[in-house]
Amino acid sequence: MNTITLALAALTLIPAPQKMSVTDGAFTTNLTVTYTRDAKIPAEGYRLRVAADGVKVWSSDEAGRFYAGETLKQLAEKGCAPLVEIEDSPRYRWRGVHFDDCRHFFGKEEVMRTLDLMAMHKLNRFHWHLTEDQGWRLDIPGYPELVKYGAVRSSSPRHGTRPNFWQSKDQWQAASDGCRYGPFYYTEQDVKEVLAYAKARHIEVVPEIELPGHFQAVLAGYPEFACQPDFANRDPLCVWGISENVMCLGNDKAIKFMEDVLDYVTKTFPYEVVHIGGDECPMTRWKTCPKCQARIKSEKLGDVHGLQPWITRHFVKFLEQRGKRALGWDEYLLGDVPQSAIGMSWRVGHGGAGHKCLTPGEWAAKGHDIVMTPCSHCYLDYAQGLQDDPFQYIGGNLPIEKVYSLDLCAGVAEKDRMHILGGQGNNWSEYTWNEYDLEWKMWPRMCALAEVFWLGEAKPGYADFKARMQTHRKRLIAQNVNCAPIP
Ligand code: ACM
Ligand code: ZN
């Protein structure tokens, strides 16, 4: 057997396997697979041998067996496969894609297509962003007004405009498309279908229910859960940005509402982790709300800064009592929050509605598990540096080479690295209108992240990745994926 390096191999696997040896130039058309369980192989890992007399696969679990199949699909796409031996397993256990169905709604078919593409790239967490200022997308039994008002907004910003929350109503009006958007939401049956589809692809679905900020779509349905129920027309926010209309934390009925929602979510989604948002919550309304002020006094919280940690503690414990773990955007860890709470590190040195920013290394040193989604490398709504790009972006500059350079454990002390669970690509959809737009932004940059999450520090380097990507892009295009070019 002639072992050759990945850089020289004709093989074009994405993500590249941890270890591979190739019998140079030899192929087989005998693709009969024999499977053997081997308890010594790491979780989600596999061994794959393609020989003249057929294919042998070993794994310790079903996920590993499934990933051997995904590797074989790429090897054998022309009906024959090169003779290879592969030993492979993931460096990180959280390999995620975030999907914002709120600013724009993509629907079940695009969710399932994303799940197919995730499986192809050995990605295993689908972070489903279901609630926002601009739309609520999940039907909740007992709260019919949520989708009646929260799942439809009276207008959105037109293509090419950039109105924001802090601008005047006149500026909003001038940028408005005047088109009713929705109602768009998922029923219990839709969720069941998505869960079954994801499970068959070894993907856990992580629902996100935002609290206490990014809450205006709830308030469209139930204005009584606001500090000051005085905002427009029972409408979700019709511009992008952060609404100051947040959850009133002095109102027991608002808290009971969230308990009911999360109780339903814990029963509907079978996995351990539930995302409770926590990012970018303005405290403006709490400062003048008599109910919030009364809560600060009765719970001895000091001032408005004590309110969010108080509600976070409540829901971290609430989820724990139901056998679940809370995950949230990193600022929700500020204050005295239990160590069991997982953080999603997204901010790189900036505040997010004025909150203090800690590095992933600092969070990990405090004992929190962390999922890495730094906006510097993982925000796929940032521009990708293409000439003549037909699509609009939220801003930023994130070419694929920069995405590939992400090091999830950079700045994290050796002793704390076990807290870095993995990473995730985020697909915020303010400036993403439909599936063509979404796929263009996600692929091929998500391929780079998939390789970073799978191989970690063992990734072979951008030049090697880019060479393999030329073929892999054709593979994606053959599946009708609107994959952007590689600059
Ligand atoms: C975020 O980007 N607001 C988490
Ligand atoms: Zn209040």
Side-chain angles (χ1 to χ4, degrees), residues 96 98-100 102-103 127 129 131-134 164-165 206 208-216 218-219 222-231 237 240-255 257-258 275-299 301 303-304 306-308 310-311 327-334 342-355 357 360 370-382 393-396 398 423-432:
H98 156 281
F99 193 96
D100 175 5
C102 299
R103 277 54 179 264
H127 172 175
H129 189 77
T131 77
E132 254 306 337
D133 287 318
Q134 293 87 358
N164 219 316
F165 186 79
V206 180
E208 180 179 357
I209 306 293
E210 282 257 20
L211 72 107
H214 288 291
F215 205 72
Q216 185 163 320
V218 171
L219 302 177
Y222 295 93
E224 63 270 32
F225 302 154
C227 294
Q228 298 156 3
D230 59 353
F231 53 90
L237 189 61
W240 313 135
I242 306 167
S243 175
E244 288 182 340
N245 297 313
V246 303
M247 183 177 175
C248 177
L249 297 185
N251 182 343
D252 289 338
K253 287 192 182 136
I255 293 168
F257 157 78
M258 250 311 156
H275 199 302
I276 55 172
D279 58 323
E280 301 178 319
C281 183
M283 295 175 256
T284 332
R285 298 281 192 256
W286 298 341
K287 286 181 187 157
T288 53
C289 171
K291 288 198 193 106
C292 284
Q293 290 300 321
R295 180 80 72 198
I296 290 166
K297 274 213 182 81
S298 67
E299 296 292 332
L301 302 175
D303 61 22
V304 285
L307 278 170
Q308 184 168 353
W310 175 77
I311 200 69
L327 166 63
W329 302 108
D330 62 72
E331 61 263 54
Y332 99 129
L333 296 175
L334 291 168
I342 310 168
M344 203 160 245
S345 178
W346 70 279
R347 297 175 301 153
V348 179
H350 77 84
H355 297 281
C357 187
I370 293 293
V371 176
M372 290 298 297
T373 69
C375 57
S376 56
H377 292 76
C378 295
Y379 273 42
L380 305 179
D381 56 337
Y382 284 15
Y393 293 83
I394 199 163
L398 185 49
Q424 183 173 285
N426 288 351
N427 295 284
W428 298 105
S429 68
E430 288 93 332
Y431 296 92
T432 301

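Whatever order the structure lists them in is the order used to number ligands and atoms, beginning at 1. When reading the values below, keep in mind they use all heavy atoms of this one structure, side chains included, and skip hydrogens, waters and symmetry mates.
- The nearest protein atom to atom 3 (N) of ligand 1, hydrogens excluded, is given as Asp279 OD2, 2.7 Å; this is a heavy-atom distance.
- Distances below 4.0 Å separate heavy atoms of Trp428 from the following atoms of ligand 1: 1 (C), 2 (O), 4 (C).
- The SG atom of Cys289, the Zn ion (ligand 2) and the SG atom of Cys248 define an angle of 110° (nearest 10 degrees).
- When all heavy atoms are compared, the tightest approach of Trp329 to Glu210 is NE1-OE2, 3.9 Å.
- Between Phe257 and Phe215, the ring planes are perpendicular. Angles over 60° get that label, and only those under 30° would be called parallel.
- Counting only heavy atoms from C-beta outward, the side chains of Tyr222 and Lys253 never approach each other to under 4.5 Å.
- Less than 4.0 angstrom separates some heavy atom of Glu280 from each of these atoms of ligand 1: 3 (N).
- Short contacts between ligand 1 and Tyr379, defined as distances under 4.0 Å to a heavy atom of the residue, involve ligand atoms 1 (C), 2 (O), 4 (C).
- In this structure, Cys292 SG and Met247 CE are separated by 9.5 Å, a value rounded to the nearest 0.5 Å.
- The aromatic rings of His129 and Trp428 stand perpendicular to each other, their planes meeting at an angle above 60°, with 30° marking the opposite boundary.
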